[in-house]
Amino acid sequence: MIERFLKQTKFTSVEDFAKNLHFIIPENFNFAYDVMDAWAEEQPDKTALIWVDDWGHERTFTYAQLKEDTDQAASYFTQLGIGHDDKVMLILKRRYEWWIAILALHKIGAVAIPATHMLTAHDIVYRNNRASIKAIICVGDEYVLKQVEGSEKDSPSLKVKVSIGPDVPEGFHDWHKEIDSAPKFQKPEHVNTNEDTMIMYFTSGTSGEPKMVAHDFLYALGHLTTGVFWHNLNENSIHLTVADTGWGKAVWGKLYGQWFAGATVFVFNHDKFTAEKILQKIQDYHITSFCAPPTVYRFMVREDFSKYDLSSLKYCCTAGEALNPAVFDKFKAMTGIELHEGFGQTETTMTLGTMPWMKPKPGSMGMPNPQYDIDLIKADGTKCEDGENGEIVIHTRDRKPLGLFKEYYRDEELTRKAWHDGIYHTGDVAWRDQDGYYWFVGRTDDVIKSSGYRIGPFEVESALMTHPAVVECAITGVPDDIRGMVVKATVVLGKEWKDKAGDDLVKELQNHVKHETAPYKYPRIIEFVDELPKTISGKIRRVQIREEDEKKSAKS
């Protein structure tokens, strides 16, 4: 399959990859037709998707079955009045209908907008009106249905509501009751161009209102490197990525790149994450490849791996936030597997990564993906030398890289702010070592300036995470009359340490950081909390911690 899209398909070194990664870009590329239907023709009986849930249900889909089901869904959507460029929100949790729906929308040239099931009616109204959403396809549970219904009166563009059940209230179409009566699918005469919008994501809003990120149809092709190379997949792989379908990580790890490789995508539908359940599924379904954010690994390494047969597992990756070296080391000690970290944004595919032919450096994001012309620049726009902190940027003057977003939809000002003069500014700060590996520091807004030093939150968090008491932590800056800013640590303790929270543990953690990293970086303030403020996608909201501290300071 990948031979159709790459001039060279095997790589053995960083130099080989950087020099010889060249894409063959078809005219009017459409992942659903050009990849999924092609697999259905070539290997119809091969397993494409294994779906299980926490309540004893299981479904297996071959590539041929997925073609049949997505054709039927495409016909059904057309009957409902959904067509080219119509915006369709998908609130489907990890139900298998999400994969069918998104591929069916691709087949008719409609725009898929995945969304999390945790949205409120207010959140949905905001999204409906910002994107002129025409249809919502959602799970039929009480909370989601109530929020969708509550959004309708303030959402004039919303014309179609579809429930996949089990509940289907009045005013909603019944997916499973109606879909079989749709006529045989006829591919539209015109589906898409490469430049048409295929999918849009609302960002998680770590520092403000969610942005609306629009991607064209080549975005799917840009993920070939994600699955085939970074995840190191092939036709014999069974891959599990832990990700909610409402966020971009789902298409990174559960759709495009994996099916370019011809792998089997494994999906575990559950309401509440536990490390034990994930480990059990890896054992029971002989998962060969696994990807999850560092938070998942942090909880996994606290389990007793000797209870499980994990011998099928050969390759593991992580992305979504920076990986603490302590977690890398412990996971390797327990499994013998080194975690391959990657970096990207909702606006991109994987931009930095640790590829199979690279030796992972614990805590490093890896090296640039040759799809992108990546650089580090200082605040004055000059290039960083090795060892200097700078913003990760992508040069676009010569070409728009495969996988980079089109725009922030309906927001020219925000698009120009992030992408101007031939450079896309990621807003993320890193440094590069002498071997060319990149190391995450933090968001540009998160860097702390204290007594003339610039301190990245991640380096202090990494030091704290090596202490056995710390489960999670967030580093922020607090205004200080003498130093300008001082470092504050907001810390979640392990259960067995919570009764020890106090001055003695504060001093112990401070001394621990002084020992693990440069002493000037130690947190002068430590606050113990039960949980950290996070976005609905699970990312730490340091901005909220700063805002709460500012409110406390104003009152005192």
Side-chain angles (χ1 to χ4, degrees), residues 1-2 4-5 23-42 63-64 66-90 97-114 128 130-137 157-160 162 173 175 178-179 181-201 212-224 251 255-256 259-260 349 399-410 415:
M1 179 64 67
I2 63 172
R4 301 176 186 178
F5 306 106
F23 283 84
I24 302 167
I25 300 177
E27 186 178 356
N28 304 332
F29 173 75
N30 186 300
F31 180 83
Y33 293 114
D34 298 332
V35 177
M36 296 306 292
D37 284 4
W39 277 121
E41 183 176 343
E42 293 175 16
Y63 281 100
L66 275 182
K67 172 176 168 46
E68 181 179 332
D69 289 349
T70 55
D71 280 352
Q72 191 73 9
S75 177
Y76 175 50
F77 294 161
T78 302
Q79 270 198 322
L80 295 176
I82 300 169
H84 179 268
D85 201 45
D86 284 336
K87 313 304 188 294
V88 182
M89 187 186 296
L90 304 176
E97 291 91 344
W98 183 82
W99 283 262
I100 295 170
I102 199 167
L103 291 171
L105 292 174
H106 293 350
K107 286 188 170 183
I108 59 176
V111 180
I113 304 179
N128 286 345
R130 288 285 290 122
S132 297
I133 286 171
K134 184 175 185 177
I136 295 177
I137 303 169
S157 66
L158 183 60
K159 306 299 182 186
V160 179
V162 180
H173 289 274
W175 168 300
E178 300 171 358
I179 193 169
S181 63
K184 184 177 180 180
F185 177 60
Q186 297 293 323
K187 181 180 177 181
E189 185 174 340
H190 170 75
V191 180
N192 66 278
T193 67
N194 287 342
E195 294 76 29
D196 286 342
T197 301
M198 178 189 73
I199 192 168
M200 291 202 298
Y201 275 102
M212 195 161 42
V213 180
H215 282 286
D216 59 30
F217 274 79
L218 291 179
Y219 172 69
L221 182 56
H223 271 301
L224 185 153
V251 298
L255 181 59
Y256 300 128
W259 280 335
F260 268 112
T349 60
R399 60 181 177 85
K400 174 184 173 296
L402 191 67
L404 185 62
F405 76 132
K406 290 175 61 175
E407 61 186 347
Y408 294 117
Y409 187 59
R410 293 178 173 172
T415 303

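- Side chain of Glu195 to main chain of Asp216: no donor-acceptor pair is present (N/O by atom type, distance under 3.5 Å, no hydrogens or angles).
- Across all their heavy atoms, Thr193 and Phe217 have their closest contact at O-CD1, 3.8 Å.
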**OP:** Show the numbers, then the answer: is there a side-chain contact (heavy atoms from CB on, under 4.5 Å) between Asp196 and His84?
**Re:** CA-CA 10 Å; Asp196 286 342; His84 179 268; 3.2 Å; yes

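- Scanning all heavy atoms of the two residues, the minimum distance from Phe185 to Ala74 falls at CE1-CB, 3.6 Å.
- Side-chain contact between Tyr409 and Glu407: present, with at least one pair of heavy atoms (C-beta onward) separated by less than 4.5 Å.
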Subject >> Verdict with supporting geometry, Asn192 and Met198, side-chain contact (heavy atoms from CB on, under 4.5 Å) >> reply: CA-CA 9 Å; Asn192 66 278; Met198 178 189 73; over 6 Å; no

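- Side-chain contact between Trp39 and Leu66 is absent, with no heavy-atom pair separated by less than 4.5 Å.
- Between Ala214 and Phe405 the shortest heavy-atom distance is O-CB, 3.4 Å.
- Between Tyr219 and His223, the ring-plane angle classifies as perpendicular under the 30° and 60° cut-offs.
- Distance alone, capped at 3.5 Å, places no donor-acceptor pair between the Lys107 side chain and the Ala73 backbone.
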Original post:
Passes side-chain contact (heavy atoms from CB on, under 4.5 Å), Asn28 versus Val191? Steps please.
Top reply: CA-CA 8 Å; Asn28 304 332; Val191 180; over 6 Å; no

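- Checked by atom type and distance alone, the side chain of Thr70 never pairs as donor or acceptor with a backbone atom of Ala104 at under 3.5 Å.
- Distance check, rounded to the nearest 0.5 Å: CD1 of Ile100 to CD of Glu68 gives 10.5 Å.
- No donor-acceptor pair under 3.5 Å is formed between the side chain of Ser75 and the backbone N or O of Gln72.
- Note: Phe31 and Phe260 meet the aromatic proximity criterion, with ring centroids under 6.0 Å apart.
- With hydrogens and angles disregarded, no donor-acceptor distance shorter than 3.5 Å links the side chain of Asp85 to the backbone of Val111.
- The two residues Met1 and Asp34 come nearest to each other via the heavy atoms SD-O, 4.0 Å.
- With respect to Ile199, the side-chain contact (heavy atoms from CB on, under 4.5 Å) criterion is satisfied by exactly one of Val213, Leu105, Ile102: Ile102.
- For the pair Asp86 (side chain) and Gly83 (backbone), a donor-acceptor distance under 3.5 Å is present.
- The distance from atom CD of Glu178 to atom NE2 of His173, rounded to the nearest 0.5 Å, is 6.0 Å.
- Note that CH2 of Trp99 is 7.5 Å distant from CH2 of Trp259, once rounded to the nearest 0.5 Å.
- A pairwise comparison of heavy atoms in Ile25 and Asn194 identifies CG2-ND2, 3.9 Å as the closest pair.
- The distance from the CD1 atom of Ile137 to the CD atom of Glu97 is 10.5 Å, given to the nearest 0.5 Å.
- Within the model, atoms CG of Leu103 and NZ of Lys67 stand 11.5 Å from one another, a figure rounded to the nearest 0.5 Å.
- Taking 4.5 Å as the limit, every side-chain heavy atom of Val88 sits out of range of all side-chain heavy atoms of Phe77.
- Minimum heavy-atom separation, Pro114 to Met200: CD-O, 3.5 Å.
- Note: Thr349 OG1 to Leu221 CG = 9.5 Å, rounded to the nearest 0.5 Å.
- Judged by distance alone, the side chain of Ser157 and the main-chain N or O of Ile133 form a donor-acceptor pair under 3.5 Å.
- Between His106 and Tyr256, the ring planes are parallel. Angles under 30° get that label, and only those over 60° would be called perpendicular.
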